There are 2 protein chains.
Amino acid sequence: MNLKQLAQELNLSISSVSRALRDSKEISEKTKKLVLAKAKEHNYHANHFASNLRKQKSKTIAVVIPEIANNFFSSAINGAESFIQKKGFHVLIYQTHDDVQQEVAIAKHLQNGRVDGIMMSLTSHTSSIHHLKEIQHKNIPLVFFDRVPHNIEAPKITTNDYESALKATEHLIKNGATKIAILCISNILSITNNRKEGYEAALKNHQLKINKNYILTCDDSREANKQQIRKLLSSANRPNAIFACVEELAICSFEICQELGLKIPQDIKIISYSNLQTADILNPSLTTVTQPAYEIGKEAAAVLFKLIEATANEKIPNKEIVLKSQLFVRNSTKK
Amino acid sequence: MNLKQLAQELNLSISSVSRALRDSKEISEKTKKLVLAKAKEHNYHANHFASNLRKQKSKTIAVVIPEIANNFFSSAINGAESFIQKKGFHVLIYQTHDDVQQEVAIAKHLQNGRVDGIMMSLTSHTSSIHHLKEIQHKNIPLVFFDRVPHNIEAPKITTNDYESALKATEHLIKNGATKIAILCISNILSITNNRKEGYEAALKNHQLKINKNYILTCDDSREANKQQIRKLLSSANRPNAIFACVEELAICSFEICQELGLKIPQDIKIISYSNLQTADILNPSLTTVTQPAYEIGKEAAAVLFKLIEATANEKIPNKEIVLKSQLFVRNSTKK
DNA sequence: CTGTTAGCGCTTTCAG
DNA sequence: CTGAAAGCGCTAACAG
């Protein structure tokens with residue numbers, strides 16, 4: 001069922017029917033009703049591709065993230081969607097699985113014009129930004145969030161990793177920790193660097209030495225990470241606290257502690273960046289620093305729409321918006 | 001940059017360029033190379049809408065789920081995507097937020113032909129299936145997973161809720177539970193009914209009476225649910241075990257236990273259906289029954305592609321495929 | 001208020 | 001092997 005057939009049945013021209021369906025004020029109420037009724041009767045829905053081709057816009061936004069089965073990103077999507085939906089747009093989700101090649105492939109694909117805007121969070125290994133520049137050259141509005149590139153001009157929404165890490169580390173120090181290890185992920189990402197810097201600043205502020213052996217850089221291999229942590233926690237000079245940059249590493253640490261018979265928090269305190277909303281309930285010994293995932297997604301979407309709705313002559317500043325993380329200590333926040 | 005412009009620059013016809021780009025064997029290797037080089041130079045990408053309009057297919061699949069920020073569904077999407085991507089298709093995700101109206105709106109929207117197939121998991125309140133029938137009438141391949149309707153002919157992928165609930169309840173009984181409560185969600189959903197039936201069967205098998213007061217039907221209001229559980233656990237005849245049909249209800253129970261000073265598992269044992277992969281690590285006192293979320297998504301996608309790839313005369317049976325859940329007891333499964 | 005018409009950019013016969 | 005041309009279904013400028 002298409003416009004042509006509808007028009008024939010109604011003895012109207014295609015354009016009148018089209019206009020009636022789109023509630024144009026050039027059409028009389030009477031015809032509108034007639035058309036609407038017929039359309040409903042035949043369960044007519046305008047072809048998406050034809051109208052998009054004609055209008056050169058799709059009312060859809062692409063969200064590119066490393067992994068969907070990740071509490072942070074799924075919450076961020078939720079925030080983004082809440083905004084996008086209000087605008088009557090749709091969401092197309094692409095996962096890179098933290099693989100640069102896939103990120104590049106997706107970036108190429110998105111140049112075909114199927115979306116009106118793109119929200120992106122990079123893989124841990126993205127260093128070349130050629131594929132991102134290409135998108136910008138095609139004038140497709142582009143906003144980065146969380147895992148953002150530092151060498152490209154574009155709006156970026158991030159959290160204050162530095163400050164949060166500093167607070168988290170200080171929390172450990174205040175609770176008696178003296179030898180604090182940090183578990184990082186890939187150090188290409190700015191989030192890792194910021195978190196590490198916050199950690200180091202906290203140590204300095206409290207006259208604690210930075211011990212290189214206490215700084216672990218982990219990767220995607222769970223077993224290798226556990227081995228590193230095991231070595232650290234079995235060593236003569238083992239730390240009495242751990243700051244995990246991501247939850248996965250905190251969980252690995254839990255397992256190693258159990259393996260080695262170390263008690264939490266007596267023998268060793270653990271604090272973690274976490275986006276598993278229920279983590280603190282499921283495990284009272286885990287103190288967490290929580291990123292406002294939902295808000296980041298929502299804010300990124302809001303900025304993206306500013307770009308989309310901006311007229312050609314208007315210029316939106318490419319500033320970085322920094323949202324605050326929350327230190328979430330179970331004892332002090334629960335009644 | 002479009003075909004026309006490319007053709008002009010190359011002194012070729014539009015159709016030749018189009019063919020070359022799609023690697024047609026009607027084109028000489030020489031011209032192909034020329035075309036490919038030019039295309040790359042100009043960073044050309046075929047317009048998605050134009051080619052879809054022409055070909056009447058989009059190589060994209062819609063996945064409709066209640067909520068993305070939910071471990072089960074995000075894992076299911078992951079499984080689906082792994083399959084869909086291999087086929088060179090894309091994924092369009094729609095959230096209903098467990099709202100029937102939104103589900104209907106999405107179903108209507110998807111009739112515009114923007115996707116080649118649909119995977120769907122219903123809201124807890126979907127009872128009318130008119131909007132689902134409409135999709136079928138438009139001959140858009142449709143597959144249901146997890147939250148499936150019982151009164152419509154279509155492929156459905158589910159887990160064996162009955163058997164899993166039975167095993168979970170028996171696990172409690174074997175560990176000394178005699179008064180077992182069940183926390184259900186909306187009883188329109190077949191999953192709830194199956195889980196309840198499994199629970200009841202286990203009780204019968206062990207000569208335990210079914211106590212109506214021990215069967216709670218919860219809804220979307222966290223506070224109301226907690227109030228119900230609080231009442232149950234403060235009552236004179238309080239149960240010594242709980243089987244939670246969803247994790248959220250287990251977490252509520254934890255909180256109430258803490259509030260009332262009940263010890264787990266001494267005073268009360270809790271077992272839960274759970275899809276939070278890390279739940280057992282984060283909380284050793286929680287025994288879980290885990291659905292194979294990833295596999296469900298993957299299987300649903302596989303079945304959907306059978307429908308998509310089936311020729312008109314072929315018929316794919318609309319049978320329900322049941323995947324097995326896993327009982328996940330920390331002590332017995334960890335080394 | 002309604003109709004005619006010219007494309008949007010691409011694929012695909014059909015004709016050479 | 002290459003080109004001309006029709007048309008996917010819709011929208012919007014233009015004409016009445």
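Naming: A, B, ... by sequence-line order, numbering from 1 per chain. Side-chain atoms are counted along with the backbone in the values below, which use heavy atoms only and exclude waters and symmetry mates. The model shown is predicted, which means the values in this text are computed figures rather than measured ones.
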Proximity to the side chain of A:Y44 - top-ranked nucleotide from C:dC10, D:dC10, D:dT2: D:dC10
Spacing between B:N47 atom CG and C:dG7 atom C1', to the nearest angstrom: 14 Å
Nucleotide nearest A:S13 when distance is taken to its side chain, options C:dT4, C:dT13, D:dC10: C:dT4
Short side-chain N/O contact from B:N2 to OP1 or OP2 of C:dG9, under 4.0 Å: yes
Protein-nucleotide distance (B:K55, atom NZ; D:dG7, atom C1'), rounded to Å: 16 Å
Length of the line joining B:L3:CG and D:dG3:C1', which is rounded to integer Å: 14 Å
Separation of atom CG in B:L21 from atom C1' in D:dT2, rounded to whole Å: 15 Å
Contact check, side chains of A:L122 and A:L132, non-hydrogen atoms, under 4.5 Å: yes
Touch class at under 4.0 angstrom, heavy-atom based, for B:Q56 against every strand present: sugar-phosphate
Closest nucleotide among C:dT2, D:dT2, C:dG9 to the A:S16 side chain: C:dT2
Sole candidate of B:Q291, B:R147, B:E320, B:E299 that passes side-chain hydrogen bond (donor to acceptor under 3.5 Å, both in side chains) when paired with B:T158: B:E320
Sugar-phosphate, base or nothing in reach of B:L12, heavy atoms under 4.0 Å: sugar-phosphate
Pair of N/O donor and acceptor under 3.5 Å linking C:dG9 base with A:R54 side chain: no
Spacing of B:L53 atom CG relative to C:dG7 atom C1', expressed in whole Å: 12 Å
Euclidean distance, atom CG of residue B:L10 to atom P of D:dC1 [Å, nearest integer]: 18 Å
A:N112 vs B:F49 side-chain heavy atoms within contact, under 4.5 Å: no
Base D:dA12 to side chain A:S18, donor-acceptor N/O within 3.5 Å cut-off: no
Nearest-nucleotide 5' precedence on DNA chain D, B:I27 against A:K4: B:I27
Heavy-atom check, side chain of A:I106 versus side chain of A:Y94, under 4.5 Å: yes
Min side-chain heavy-atom separation A:S74-B:I68 under 4.5 Å: yes
Distance test, side-chain N/O of B:T31 to OP1/OP2 of D:dT2, below 4.0 Å: yes
Sugar-phosphate, base or nothing in reach of A:S51, heavy atoms under 4.0 Å: sugar-phosphate
Residue B:A50, side-chain atoms from C-beta onward, closest of C:dG9, D:dA12, D:dC10: C:dG9
B:M1 and B:L6, any side-chain heavy atoms less than 4.5 Å apart: yes
Sugar-phosphate only, base, or nothing, as touched by A:R22 at under 4.0 Å among non-hydrogen atoms: sugar-phosphate
Sugar-phosphate only, base, or nothing, as touched by A:S28 at under 4.0 Å among non-hydrogen atoms: sugar-phosphate
Between D:dC8 (C1') and A:Q5 (CD): distance, integer Å: 13 Å
Out of D:dG9, C:dT2, C:dT12, whichever nucleotide has its closest atom nearest the side chain of B:R19: C:dT12
Protein-nucleotide distance (A:H48, atom NE2; D:dT11, atom C1'), rounded to Å: 15 Å
